[in-house]
Amino acid sequence: MSLDVVDTLRDLVRLPSVNPMGRDVSGPEYFEHQVTDYLQALFQRMGLPWERQDVAPQRANILARLDGETPPEEGGKLLVFEAHQDTVPVDGMTIEPWSGDLRDGRVWGRGSCDIKGGMSAMLAAVARLAEQRPAGLPTIVLACTVNEEHGYSGALRLAQSWLEPGRSKLLPRTPDAVIVAEPTLLDVVVAHKGATRWKLHTTGRAGHSSRPELGENAIYQMGRVLAALESYAKQEAPSLGEHALVGRPTLSVGIISGGISVNTVPDRCTIEIDRRVLPGEDPLQARQTVIDYIDRHAELSSPPVHDDPYIAAHGLSEEHNGPLAESLSAVIQQHGGTGRRTGVPYGTDAAVFAKAGAPSVVFGPGSIDQAHTCDEWLAVEQLEKAAEIYYQFAQSGMA
């Protein structure tokens, strides 16, 4: 069956799949189950074998397989197209997030750019390949994963498919290549940063604000931690190394909360820390350097409490994906793109797959500058070009 890539994207945008991002929220717009059900029905209409991989309640990866000329079980090539189903929340959006409107040559709505556009392009390419069955076609597994935006648990479960034999009937061995859909402006991302994120708490003693000297203010304690972290971010992190494609390590504090009322001395304050790591840098060791720095530079009445990291993701190195990037770049150039091989400061599922032994790159339509924005959109021209490039790369047998 043929698949209109624009209509498919509009359908997907109209299906909310918001990642709660660790917040205690509920409602039909949260988690990926609506998109997963849509994809299952689509794969059934396409006549492709599919399977779900449960990751958490209402959160399942879904895979479909198009067999090539020689199955991977018999020595044929195995290509994975991967895209995540989840989006970031819609707080502060200035457009209707689930409209999927088509105007001004763009599809509008949450997820249009990140990354339902890339997913739609992959779906359209696979549908076309399933209909035409060109000679020399590799086996293609289209994998749509969950929870990319807050922990990579879907990608980790997918990698178990080949790391633990028997976990998947459709993905029996390490892929020869993985292309991860993210907005790259049709460039080939060969390297990116990883991240470690965790919560830090300062504690104090509650009391009435009319006699603050009888309490111990946890927010004041946190102020000393924040001063140390600002110093670390400006002076220490930039000195820890540099990667030619992705730059230097960084640190940012993105969330702070504390206190129960203005007339109560707060006994607890919490922040969330984001430390970006370079390819080859260990995220847990990087976290420990931050903890040690706080211990040396923040004068606190009691030591802060560090939760275990809820994300500890490696970066993507260009060390093992050169031939894949070169092949994909050649196809892009044949279709009017620069085929530029580049690095980016954000993270993706690709690092998980590379760490699991599969050569992996990142490629897709749209700009990361438009992802997560209040008026997210994707240009139709980019969408259609991406679908063609995915198709041509697979049709060429990854040569």
Side-chain angles (χ1 to χ4, degrees), residues 8-9 12 15-21 30-40 42-43 48-66 78-88 110-111 113-123 125-126 140-164 167-172 174-175 177-184 189 192 194-195 310-314 316 346-364 371 390:
T8 302
L9 175 54
L12 288 170
L15 296 172
S17 54
V18 174
N19 194 318
M21 307 292 288
Y30 291 104
F31 304 121
E32 298 90 342
H33 54 97
Q34 293 189 69
V35 170
T36 311
D37 291 344
Y38 173 92
L39 293 169
Q40 178 179 319
L42 180 58
F43 295 148
L48 297 178
W50 56 270
E51 69 180 22
R52 288 189 183 225
Q53 298 176 336
D54 291 332
V55 177
Q58 296 186 301
R59 315 190 82 169
N61 297 341
I62 186 164
L63 286 62
R65 173 165 155 167
L66 173 61
L78 176 58
L79 168 64
V80 170
F81 285 151
E82 190 264 0
H84 63 87
Q85 302 176 52
D86 56 321
T87 74
V88 294
R110 177 59 86 225
C113 179
D114 185 11
I115 186 50
K116 292 177 178 179
M119 180 187 291
S120 300
M122 288 179 167
L123 287 164
V126 170
I140 301 169
V141 172
L142 176 51
C144 300
T145 58
V146 297
N147 195 34
E148 187 270 349
E149 298 288 359
H150 193 70
Y152 306 112
S153 57
L156 289 165
R157 173 62 185 89
L158 182 65
Q160 289 176 347
S161 300
W162 65 82
L163 292 174
E164 302 175 16
R167 293 300 298 270
S168 171
K169 295 180 181 178
L170 302 186
L171 195 49
T174 304
V178 180
I179 298 180
V180 172
E182 290 288 352
T184 70
V189 170
H192 65 62
Y310 57 86
I311 289 178
H314 289 78
L316 175 67
Y346 57 85
T348 79
D349 285 340
V352 175
F353 308 136
K355 194 169 186 297
S360 304
V361 297
V362 186
F363 168 80
Y390 289 135

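What you are looking at is a predicted structure, and each value in this text was computed from that prediction instead of being measured. Just so it is clear, the values below take in all heavy atoms, side chains as well, and ignore hydrogens, waters and symmetry mates.
Taking 4.5 Å as the limit, every side-chain heavy atom of Glu148 sits out of range of all side-chain heavy atoms of Val352. In this structure, Gln34 and Pro16 have side chains that are in contact, with non-hydrogen atoms separated by less than 4.5 Å. In this structure, Glu149 and Asp114 have side chains that are in contact, with non-hydrogen atoms separated by less than 4.5 Å. Using a 4.5 Å heavy-atom threshold, the side chains of Leu79 and Pro175 count as separate. Within the 4.5 Å cutoff, the side chain of Leu63 has heavy atoms near those of the Ser168 side chain. Side-chain contact between Gln53 and Gln160 is absent, with no heavy-atom pair separated by less than 4.5 Å.
Separation of atoms CG (Asp86) and NZ (Lys116) is listed at 9.0 Å; rounding is to 0.5 Å. Phe43 contributes atom CZ, which lies 4.5 Å from atom SG of Cys144 (distance to the nearest 0.5 angstrom). Separation of atoms CH2 (Trp50) and CG (Leu39) is listed at 11.5 Å; rounding is to 0.5 Å. One distance of note links CD of Glu182 with SG of Cys113; it measures 9.0 Å at 0.5 Å rounding. Taken to the nearest 0.5 Å, the CD1 atom of Ile179 stands 11.5 Å off from the CG atom of Leu142. Rounded to the nearest 0.5 Å, atoms CG (Leu156) and OG1 (Thr145) are 10.0 Å apart.
For Tyr390, the ring pair (Phe, Tyr, Trp, His ring centres under 6.0 Å) partners two or more places apart in sequence, or in a different chain, are Phe81, Phe363. For Asp37, the side-chain hydrogen bond (donor to acceptor under 3.5 Å, both in side chains) criterion is met by Arg52, not counting sequence neighbours. Remark: Thr348 engages His192 in a side-chain hydrogen bond (donor to acceptor under 3.5 Å, both in side chains) (not counting sequence neighbours). Applying the side-chain hydrogen bond (donor to acceptor under 3.5 Å, both in side chains) criterion to Thr36, with sequence neighbours excluded, gives Gln85. Partners of Thr174 according to the side-chain hydrogen bond (donor to acceptor under 3.5 Å, both in side chains) rule, which considers only residues two or more places apart in sequence or in another chain, do not exist here. Under the ring pair (Phe, Tyr, Trp, His ring centres under 6.0 Å) criterion, Tyr310 pairs with His150, not counting sequence neighbours.
When all heavy atoms of Leu123 and Leu12 are compared, the closest pair comes out as CD1-CD1, 4.3 Å. Closest approach of Val55 and Ser153 over heavy atoms only: CG1-OG, 3.6 Å. The minimum heavy-atom distance linking Ala195 with Ile311 is given by the pair O-CG2, 3.6 Å. What you find for Asp54 and Ala60 is that their closest heavy atoms are OD1-CB, 3.7 Å. Between Pro183 and Tyr346 the shortest heavy-atom distance is O-OH, 3.3 Å. Shown here for Gly111 and Thr87, the closest heavy-atom pair between the two residues is CA-CG2, 3.8 Å.
If you run side-chain contact (heavy atoms from CB on, under 4.5 Å) between Tyr152 and each of Asp349, Val146, Leu158, Asn147, only Asp349 comes through.
Under the 3.5 Å distance criterion, the side-chain polar atoms of Ser360 are matched with a main-chain donor or acceptor of Ala358. Here the side chain of Arg65 pairs a donor or acceptor atom with the backbone of Leu170 at under 3.5 angstrom.
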